[in-house]
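Within every chain, numbering begins at 1; the chains are lettered A, B, ... in the order of the sequence lines, protein sequences first and strands thereafter.
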Protein chains: 2
Amino acid sequence: MSETTQMLKGILDGCLLAIIKEGEIYGYELAAKLESYGFRSLSEGTIYPLLLRMQKEGLISATLRKSTAGPKRKYYTLTEKGERELKLFIGRWEQVSSSVDNVLNKRGI
Amino acid sequence: MSETTQMLKGILDGCLLAIIKEGEIYGYELAAKLESYGFRSLSEGTIYPLLLRMQKEGLISATLRKSTAGPKRKYYTLTEKGERELKLFIGRWEQVSSSVDNVLNKRGI
DNA sequence: GTTAAATACCTTGCAATACAAGATATATAC
DNA sequence: GTATATATCTTGTATTGCAAGGTATTTAAC
């Protein structure tokens, strides 16, 4: 297991929501986009199950479309519930990341 | 399970190392310190197993001392291996947190 | 037309870890 | 002796990233 694996837990789902909010996108493209944002190569074994889970939870919805080169693509968009969850995620992230930064910079609140 | 629980995975151990590096400290005190840095009440069921694990891995070492009010305290200090691990953690944290910030601020590298 | 490569998606099972719940022990104050 | 605050540990559960392996489609090369 990679060293950053544990660190991504509870973070990846929010990042996917944030990217999907920018505009309709399909899984394969998402993986590339995450890498462009600085995430080290995330495997499909990570992304596809996550997307399915979030779809089942009603955070995102999917529509199939034909591709110009390959099998059908599954395009995802954010639902209202997904937008609310994204806001909650951002709040949690700000709380946690500022706490960590406080610890690393050695100053209390 | 709390919402931030998953987000703390792979982050807490590094934060403990960073606090222990500041100076000898025991578990009970550590919990209070974490809260002062902004972490919401972390239970002892989280902290003590983590400390034991890190001790077993040789990242920290412990000495028992009498307390003025209560049972003996177990004071922890950082080992050399722990210092190296702390540096690695900081590198991982900077990589991951900047990636997340990139996603949330919607700008690629 | 068959083969190869790139695209695109899914499933199963494992490993790691935060935490709830419960247990134990010491010292002080009443 | 009883209550309270201090201080530590153990067991079991839930969640989730990911490796490994599988399937299907389109285009291009041979």
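Here D:dT8 presents its C1' atom at 17 Å from CZ of B:Arg65, a figure rounded to the nearest Å. At whole-Å resolution of the value, CZ in B:Arg53 and P in D:dT10 are 15 Å apart. A straight line from NZ of B:Lys74 to P of D:dC9 spans 4 Å, rounded to a whole angstrom. B:Leu16 places its CG atom 11 Å from the P atom of C:dC19, with the value rounded to the nearest Å. Whole-Å rounding puts the A:Leu51 CG to D:dC18 C1' distance at 15 Å. The NZ-C1' distance, from B:Lys56 to C:dT17, rounds to 14 Å in whole Å. For B:Leu64 and C:dT26, the CG to C1' distance is 13 Å, given to the nearest whole Å. Here C:dT11 presents its C1' atom at 16 Å from CD1 of A:Ile47, a figure rounded to the nearest Å.
Between D:dT6 and B:Arg73, no contact under 4.0 Å exists linking OP1 or OP2 to a side-chain N or O. The phosphate of D:dC9 (OP1 or OP2) has no side-chain N or O of B:Tyr48 nearer than 4.0 angstrom. Phosphate proximity of C:dT7 to A:Lys72: absent, as no side-chain N or O sits under 4.0 Å from OP1 or OP2. For D:dA7, the OP1/OP2 oxygens have a side-chain nitrogen or oxygen of B:Tyr26 closer than 4.0 Å. Using a 4.0 Å cut-off, some side-chain N or O of B:Thr46 falls inside it from OP1 or OP2 of C:dC19.
Distances were taken from every side-chain heavy atom of A:Pro49 (C-beta onward) to each of D:dC18, D:dA14, D:dT8; the shortest belongs to D:dC18. Across D:dA7, D:dC9, D:dC18, the shortest atom-to-atom separation from the side chain of B:Ser67 is found for D:dA7. Listed nucleotides: D:dA19, D:dT8, C:dC19. Nearest to the side chain of B:Tyr28: D:dT8. For A:Thr5, the listed nucleotide lying nearest its side chain is D:dC18; candidates were C:dT17, D:dC18, C:dC19. Taking only side-chain atoms of B:Gln6, from C-beta outward, the nucleotide of D:dT16, D:dC18, C:dC10 with the closest atom is D:dT16.
Annotation: of the two residues near DNA chain D, B:Tyr75 and A:Asp13, the 5′-most nearest-nucleotide partner is B:Tyr75. Both A:Leu12 and A:Lys66 lie near DNA chain D, and the one whose nearest nucleotide falls closer to the 5' end is A:Leu12.
Across all strands, A:Gly27 comes closer than 4.0 Å only to sugar-phosphate atoms, never to a base (heavy-atom distances). Nucleic acid contact class of A:Ser2 (heavy atoms, under 4.0 Å, all strands): none.
Looking at B:Arg53 and B:Glu57, a side-chain N of the basic residue comes within less than 4.0 Å of a carboxylate O on the acidic one, giving a salt bridge.
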### Test side chain to side chain contact (heavy atoms under 4.5 Å, CB included) applied to A:Glu94 and A:Ile90, step by step
CA-CA 6 Å; A:Glu94 280 168 357; A:Ile90 291 174; 3.7 Å; yes
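Under the 4.5 Å side-chain criterion, counting only non-hydrogen atoms from C-beta, A:Tyr76 is not in contact with A:Leu30.
Counting atom types as modelled, A:Lys9 pairs no side-chain N or O with a base atom of C:dT17 as donor and acceptor under 3.5 Å.
Of the possible polar contacts, one joining the B:Gln95 side chain to the A:Gly38 backbone as a donor-acceptor pair under 3.5 Å is found.
Of the residues listed (A:Leu59, A:Leu78, A:Ile60), the one engaging A:Glu85 in a side chain to side chain contact (heavy atoms under 4.5 Å, CB included) is A:Leu59, and it is the only one.
Distance check, rounded to the nearest 0.5 Å: OG1 of A:Thr79 to CE of A:Met54 gives 10.0 Å.
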